[in-house]
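Let me begin by presenting the structure, written as structure tokens, before commenting on it.
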Amino acid sequence: MTIRIHDSLSREKRPLEPLEDGLVKMYVCGPTVYDDCHIGHLMGPVVFDTVARWLLARGLRVRFVNNITDIDDKIINRARETGEAWDAIAERYTQQYFGFLRELGVETITDHPRCTEFVPQMIAFIRELMDEDIAYVAEDGVYFDVHRHEGYGKLAGRRLEDMQAGARVQAQGGLRHPADFALWKGVKPGEPSWESPWGPGRPGWHIECSVMSSELLGRAFDLHGGGDDLKFPHHENEIAQSEARGDGFARLWMHNGLVQYGGRKVAKSDPRMQDPEFRQQFQARWLLETYGAPALRFFLVRSPYRRPVDFEPVNLEGARTGLVRLLRALGPLADEPGTPPLAEVLAADLPEPLAARRARFVEAMDDDFNTGEAVAELFSLAADARAAATPETSAQALRLARDLGRQLGLFEPGDTARLAAVGGGASAALAPLAEALLEVRRAARERKAFAVADGLRDALTGAGVEVQDAAGASAVGLDGVAADGLERLMDALITLRADARASKDFATADALRDAVAGAGLRFEDGPEGTRWVQAD
RNA sequence: GGCGGCAUGGCCAAGUGGUAAGGCGUCGGAUUGCAAAUCCGAGAUCCCCGGUUCGAGUCCGGGUGCCGCCUCCA
């Protein structure tokens, strides 16, 4: 068994050969905690959690470090704007980040070092570079001299001469080269600071990752990951610092694609971000509440990690639909606790084509974590289950799909319920209301009042509630309820009730009022028409 | 200007030279009072032009288009 990984540095697939037998040491750059978490902060963790889960499934041990940048210009600016203490801001958003990781099922991270916990080690690191004359003191801090490091630019594929030609790069403040970067920033009035041989100040951005990785994983480790935008300058600078100090540093580099919308990157400075409604679509809280954590994870997992991911609603909704269908096919299996170890799944005796699916799933994952192909096999297994000659084979196919999916953090117990629960807290009232409306509709159908029955169904489906008519009875499905489902449903009911009253169908009108009341809501008929409110 | 990546049915997307996975959507059929869900089925000259080969989406050369990095950013 060999796992091959696309290495961003050499730009080719390379076998993963852990430095320490059976143990993979990986480091993934974490967030700067200064504001509400957005999806970009979470993509890396989900991608690399999936990677780590697969490594674990393959029998390797994993030490997975994901740092927290808890001191930075952005945090200081935020503190200045709000008057809140910088460390309180950092702590709050750190906890928020951890909460989102839990919701998304990111559970393989073993270490979350915070930048401020490693200041002495950073100072020691910088001192080593100073001693070698690779770092120097400039006007406002200590800088790394990129000319002193051969190979600077190898990760991002650029040469120092080219960079000097670029208009944006200007040497200032006594720097030897415009690309020289800060290792230590001298303190400015009102800023938090730590003592150092170069005066009070705080660490530069890049140094923390070089220091924390070597402190926790050693001077050479297996895997370094992060978002594609971190390649330059962040990772380039990490490499320069660590290599300049004689470290082997990371053997393989992985970079995940970035968030896009309509085929374009969405960055902080993107003009579209001025629109709050647009902006909200990338906020972790909103995404989780709108699509549900299982759907969000599924969306990220089924996409190839190296490509940009487009967060247009149509794509998120498509992923969600696919997941809901898969979960439906799995039925009770989806909520059964327990994930058998992959080795056990692989050892099981299976008929064709199930064994072939299983083999392809494993091959796909071993080949640079091709989760897109792996997820396709899951869908195929669901199809196999439908086509199976016997119930036993069908069950085997579903169980295999479930067990393989769980290796990637999919199909966790409770996912079906979690998907059904999203669409806002309003669904608390929505469920009983939908049930009551079903009864009204049943009565209408019984007396062949199909117009009323269909109107009710349209009201329900318009709010994202599924109406399922089986032989004897009907049922509602709340899996796909929209965020404003209750509002939409109530508005439709107001119209229905008005129509019923206009045609003197008071039985229907009253039945609607009773159904609504049963869900803790009521109509208020006023001179400007009817509105609905939460009953006391 | 420098560097890198991508171009496969309406959309997302797999694809190791040998008759184009999978998903979403759409359309047709079954089912239904009509629907929904479900099931069955349909749909692609793989950006263009050359070349290598018995054979290319897959290799080579040349175009064209899009995206990203070189600035904050995960």
Side-chain angles (χ1 to χ4, degrees), chain A residues 8 11 13 28-32 35 37-45 47 66 69 73-74 97 153 155-170 178-179 225-234 236 255-260 263-270 273 282 298-299 302-304 306-310 312 314-326 328-329 357 360 363-364 367 370-383 386-387 445 448 450-451 453-454 457-458 460-461 465-471 474-477 479-480:
Chain A
S8 311
R11 294 160 223 270
K13 279 186 195 168
V28 174
C29 293
T32 300
D35 200 356
C37 199
H38 66 89
I39 187 58
H41 293 117
L42 265 11
M43 270 176 60
V47 163
N66 178 233
T69 301
D73 290 345
K74 292 190 287 292
Y97 174 66
L155 177 65
R158 62 193 46 145
R159 296 166 306 183
L160 287 173
E161 311 86 73
D162 295 338
M163 297 176 49
Q164 246 158 345
R168 283 165 170 167
V169 194
Q170 293 275 322
D228 202 41
D229 57 339
L230 293 182
K231 248 189 210 168
F232 192 91
H234 187 54
E236 193 71 61
H255 288 95
N256 61 274
L258 304 179
V259 174
Q260 293 199 339
R264 293 184 174 271
K265 179 183 170 180
V266 182
K268 286 245 169 310
S269 56
D270 193 301
M273 292 298 256
F282 308 98
F298 182 74
F299 175 62
R302 62 150 202 182
S303 317
R306 286 199 276 144
R307 289 231 214 167
V309 185
D310 200 306
E312 283 187 288
V314 65
N315 295 332
L316 266 327
E317 278 158 16
R320 185 188 149 91
T321 302
L323 176 60
V324 166
R325 288 188 183 157
L326 229 26
R328 249 180 219 153
R357 300 265 191 238
R360 285 173 60 181
E363 263 175 57
D367 182 11
N370 187 345
T371 51
E373 165 66 15
V375 168
E377 294 306 325
L378 263 24
F379 278 102
S380 299
L381 281 169
R386 272 180 249 123
R445 292 174 78 199
K448 302 261 190 277
F450 290 125
D454 290 352
R457 191 183 58 215
D458 291 346
L460 287 164
T461 55
V465 180
E466 264 176 42
V467 179
Q468 300 148 9
D469 290 335
S474 302
V476 287
D479 293 354

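Computed from a prediction, not measured in an experiment: that's the story for all the values here. Every chain is numbered from 1, with letters handed out A, B, ... down the list of sequences.
- Contacts of A:Lys265 classified as side-chain hydrogen bond (donor to acceptor under 3.5 Å, both in side chains), with partners at least two apart in sequence or in another chain: none.
- Take A:His38 and apply the ring-ring contact (aromatic ring centres under 6.0 Å, His included) test, not counting sequence neighbours, and it matches A:His41.
- When heavy atoms are screened at a 4.0 angstrom cut-off, A:Ala156 is found touching the sugar-phosphate backbone but no base atom.
- One N or O donor and one acceptor, one from the side chain of A:Arg158 and one from the base of B:C69, sit under 3.5 Å apart.
- Contact annotation for A:Gly44: no contact, since no heavy-atom pair falls under 4.0 Å across all strands.
- Nucleic acid contact class of A:Lys231 (heavy atoms, under 4.0 Å, all strands): none.
- Comparing the P positions of B:U31 and B:A13 gives an interatomic distance of 38 Å, to the nearest angstrom.
- In this entry B:U19 has no Watson-Crick or G-U wobble partner, no candidate having both defining distances under 3.5 Å.
- Looking at residues two or more places apart in sequence or on another chain, you find a side chain to side chain contact (heavy atoms under 4.5 Å, CB included) between A:Phe282 and A:Ile39, A:Val259, A:Tyr261, A:Val266, A:Met273, A:Phe278, A:Phe311.
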All N/O pairs under 3.5 Å across the protein-nucleotides 27-30 of chain B interface:
none

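- Rounded to whole Å, atom C1' of B:A74 lies 18 Å from atom CZ of A:Arg306.
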Between protein and nucleotides 10-16 of chain B, what N or O pairs are separated by less than 3.5 Å?
{"from": "B:A14", "atom 1": "OP2", "to": "A:Arg307", "atom 2": "NH2", "distance (Å)": "2.9"}
{"from": "B:A14", "atom 1": "O3'", "to": "A:Asn370", "atom 2": "ND2", "distance (Å)": "3.0"}
{"from": "B:A14", "atom 1": "O2'", "to": "A:Glu373", "atom 2": "OE1", "distance (Å)": "2.9"}
{"from": "B:G15", "atom 1": "OP1", "to": "A:Asn370", "atom 2": "ND2", "distance (Å)": "2.8"}

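- Residues that satisfy the side chain to side chain contact (heavy atoms under 4.5 Å, CB included) test with A:Thr371, not counting sequence neighbours, are A:Thr50, A:Val301, A:Met365.
- If you take atom C1' in B:U16 and the same atom in B:C66, they sit 27 Å apart, rounded to whole Å.
- At a cut-off of 3.5 angstrom, the base of B:G33 holds at least one donor-acceptor pair with the side chain of A:Asp454.
- The distance from atom CG of A:Asp228 to atom P of B:C70 is 10 Å, rounded to the nearest whole Å.
- Proximity of a side-chain donor or acceptor of A:Gln260 to a complementary backbone N or O of A:Pro308 within less than 3.5 Å is not detected.
- Looking at A:Ser269, its side chain comes within 3.5 Å of the base of B:C72 through a donor and an acceptor atom.
- Across all strands shown, the partner of B:A42 is B:U26, judged by Watson-Crick or G-U wobble contacts whose two distances both fall under 3.5 Å.
- For B:C66, the paired base is B:G5 (Watson-Crick or G-U wobble, both distances below 3.5 Å).
- Across the interface with RNA chain B, nearest-nucleotide mapping of A:Glu377 and A:Gln260 shows A:Glu377 to be the residue nearer the 5′ end.
- The side-chain hydrogen bond (donor to acceptor under 3.5 Å, both in side chains) search around A:Thr321 returns none, not counting sequence neighbours.
- Nucleotides B:G61 and B:G28 have their C1' atoms positioned 46 Å apart, rounded to a whole Å.
- By the side chain to side chain contact (heavy atoms under 4.5 Å, CB included) test, A:Asn315 pairs with A:Phe299, A:Asp310, A:Glu312, sequence neighbours left out.
- When the side-chain hydrogen bond (donor to acceptor under 3.5 Å, both in side chains) test is applied to A:Asp73, the partners found at least two apart in sequence or on another chain are A:Lys185, A:Arg202.
- Among the heavy atoms of the strands, none lies under 4.0 Å from A:Gly226.
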Worksheet item: Tell me, for nucleotides 35-44 of chain B in 5' to 3' order, what letter each nucleotide earns: B for a base near a protein heavy atom under 4.0 Å, S for only sugar-phosphate near one, - for neither?
Response: BBSSSS----
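- Looking at which nucleotide of RNA chain B each of A:Lys265 and A:Val375 is closest to, the 5′-most match is held by A:Val375.
- Pairing partner, B:A37: none, since no Watson-Crick or wobble contact has both distances short of 3.5 Å.
- Residue-level contact check: A:Gly40 touches the bases, meaning some heavy atom is under 4.0 Å from a base atom.
- Here A:Phe450 counts as stacked on B:G33: its ring centre is under 5.5 angstrom from the base ring centre and the planes meet at under 30°.
- As rounded to the nearest Å, B:U53 and B:C60 have P atoms that lie 16 Å from one another.
- Residues meeting the salt bridge (charged side-chain N to carboxylate O under 4.0 Å, His left out) test with A:Arg357, sequence neighbours left out: A:Glu377, A:Asp384.
- A:Arg306 is linked by a salt bridge (charged side-chain N to carboxylate O under 4.0 Å, His left out) to A:Asp368, counting only residues two or more places apart in sequence or in another chain.
- For the C1' atoms, the distance from B:G33 to B:G25 is 28 Å, rounded to whole Å.
- Within the 4.0 angstrom heavy-atom criterion, no nucleotide atom of any strand lies near A:Leu378.
- In this structure, B:G57 makes no Watson-Crick or G-U wobble pair, since no nucleotide meets both defining distances under 3.5 angstrom.
- Among the nucleotides B:A74, B:C72, B:G33, the one closest to the side chain of A:Ala453 is B:G33.
- B:U71 sits 26 Å from B:G65 when the C1' atoms are compared, rounded to a whole Å.
- Comparing the P positions of B:G15 and B:G2 gives a spacing of 32 Å, expressed to the nearest Å.
- In this structure, the CG atom of A:Asp229 is 15 Å from the C1' atom of B:G5, given to the nearest Å.
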